[in-house]
Amino acid sequence: MAIKESRARKAFLRTNMVVLILVSLIMILPFIHVLAQSFSSSGAIDQGKVSFLPVEFTFDNYSFVFQDGSIWRSFGVTIFITVFGTLFNLIATASLAYPLSRKELLGRKFLLFMVLFTMIFSAPLIPTFLVVQNLGLLNTVWALIFPTAISAFNLFVMRSFFMQIPQELIESSRMDGLGELRILFQIVLPLSKPAMATLGIFYAVFHWNTYFNALMFIEDRSLYPLQIKLREMIVDENFTSDPTSDFYTTMLSSSPEGIKMATIIVATVPILLIYPFLQRHFIKGFMLGSLKD
């Protein structure tokens, strides 16, 4: 019987490995194809010769990307939104998650219900736009940070993590004369590095890929984040054929598809490089924060 179970387990593990390899290939092959096109010549791309290896290898596409000041400006806007927005998100989420994790808080269940309500029923677009407009945030980078200060899902994850911190430690800190803010920033947050790293990844990826909010709230082209710049290059034909833009006039006459692919790679690689530094915290933080009350 044990031999049959061992064979069945081995068969399951092998099947599972094959399925995971196939799923991984399905997910990574499009990225490899884009990468190959970014290093290929215009003629090879236009003739459909490029699959998963560069054809007529060239760095010209990346040279055009690095020479375009507007892309670097959008890159800077995205970096600012990602760094400052992620820090603001973590502080705001922790500041609300901590009191909600304490059972002595009056009205805790009502506040939790209100947070849960916002997660199930999100605010409509027009009221959100009017709120942003009335707050004077329209057409500023703050419109991409403040309205998304707290994610309800991330809040519940962080709250669950905070609830695992021994109540005795909180009580002893209070007896030592520490206020709630000092307890949060000096005791609770240092013990919550795995959760903070996990939610930091979630928030950073969200800000790096911000698209819809920027499309709704930003009109000034100098404030466009990187994803909106990509949209203009790939979707908006009027933009890419703008005769007043020397850069894009040259792009259209040389390798438009190759330069678009190079821009996609430049926009994707930085956020991929962050994950390895936080990988050891990621699974631990997510699993610990997923426990029920």
Side-chain angles (χ1 to χ4, degrees), residues 34 38 61-62 64-93 118-119 121-152 154 200 202-254 256-271 274:
V34 172
S38 70
N61 299 324
Y62 287 94
F64 278 107
V65 172
F66 295 142
Q67 291 173 11
D68 182 16
S70 64
I71 289 181
W72 286 110
R73 184 170 59 248
S74 297
F75 204 92
V77 171
T78 296
I79 290 176
F80 175 82
I81 294 171
T82 302
V83 174
F84 185 83
T86 300
L87 291 176
F88 182 75
N89 290 143
L90 291 176
I91 294 173
T93 303
T118 64
M119 186 168 65
F121 303 99
S122 58
L125 175 60
I126 294 178
T128 302
F129 181 87
L130 293 176
V131 170
V132 172
Q133 185 181 47
N134 291 333
L135 290 176
L137 301 177
L138 201 62
N139 210 32
T140 68
V141 294
W142 308 114
L144 307 180
I145 297 176
F146 293 152
T148 55
I150 298 176
S151 164
N154 292 342
F202 291 161
Y203 279 126
V205 171
F206 170 79
H207 285 298
W208 188 271
N209 293 326
T210 185
Y211 171 79
F212 185 74
N213 286 350
L215 196 63
M216 293 296 102
F217 304 141
I218 303 296
E219 296 180 0
D220 187 351
R221 297 170 65 87
S222 64
L223 298 178
Y224 279 178
L226 199 54
Q227 305 306 325
I228 298 299
K229 176 64 66 174
L230 283 175
R231 173 186 177 274
E232 286 193 326
M233 294 180 65
I234 297 173
V235 177
D236 194 342
E237 296 180 357
N238 293 327
F239 173 79
T240 56
S241 61
D242 184 0
T244 63
S245 175
D246 294 335
F247 173 81
Y248 287 102
T249 300
T250 306
M251 184 185 81
L252 288 172
S253 63
S254 57
E257 291 301 320
I259 293 175
K260 291 176 183 178
M261 298 303 108
T263 307
I264 292 174
I265 295 297
V266 169
T268 304
V269 168
I271 198 66
I274 295 177

Exercise for the section: Go through the structure and list residues passing side chain to side chain donor-acceptor pair (under 3.5 Å) with D220, not counting sequence neighbours. Expected result: S222
Exercise for the section: Indicate yes or no for a side-chain donor-acceptor contact from N139 to the backbone of E219 under 3.5 Å, with no hydrogens or angles considered. Expected result: yes
Practice task
Measure the spacing between CE of M119 and CD1 of I150 and express it to the nearest 0.5 Å.
Solution key: 13.5 Å
Handout entry: Results of side chain to side chain donor-acceptor pair (under 3.5 Å) for T93 - residues two or more places apart only
Key = Y203
Handout entry: Qualifying residues under side chain to side chain contact (heavy atoms under 4.5 Å, CB included), relative to S74, sequence neighbours excluded
Key = Y224, L226, K229
Problem - V34: partners by side chain to side chain contact (heavy atoms under 4.5 Å, CB included), with sequence neighbours left out - result: M261, I264, I265
Exercise for the section: Can you establish whether the number of heavy atoms outside I126 located under 6.0 Å from its atom CD1 is more than 12? Expected result: no
Exercise for the section: State, to 0.1 Å, how close V266 and P270 come at their nearest heavy-atom pair, and which atoms those are. Expected result: O-CD, 3.0 Å
Practice task
With sequence neighbours left out, write down each residue that passes side chain to side chain contact (heavy atoms under 4.5 Å, CB included) with L138, or none if nothing qualifies.
Solution key: F129, V132, Q133, F217
Problem - Shortest non-hydrogen contact from W208 toward Q227 - result: O-NE2, 3.2 Å
Problem - I145: side chain to side chain contact (heavy atoms under 4.5 Å, CB included) partners, not counting sequence neighbours - result: F80, I81, F84, F88, W142
Practice task
Report yes if some heavy atom in the side chain of I228 is under 4.5 Å from a heavy atom in the side chain of I218; otherwise report no.
Solution key: no
Exercise for the section: To the nearest 0.5 angstrom, please state how far the CZ atom of F206 sits from the OG1 atom of T148. Expected result: 4.5 Å
Exercise for the section: Looking only at non-hydrogen atoms, find the nearest pair between P225 and L144 and report the distance. Expected result: CG-CD1, 4.4 Å
Completion exercise
side chain to side chain donor-acceptor pair (under 3.5 Å) pairs touching residues 78-91, sequence neighbours excluded, are N89-H207
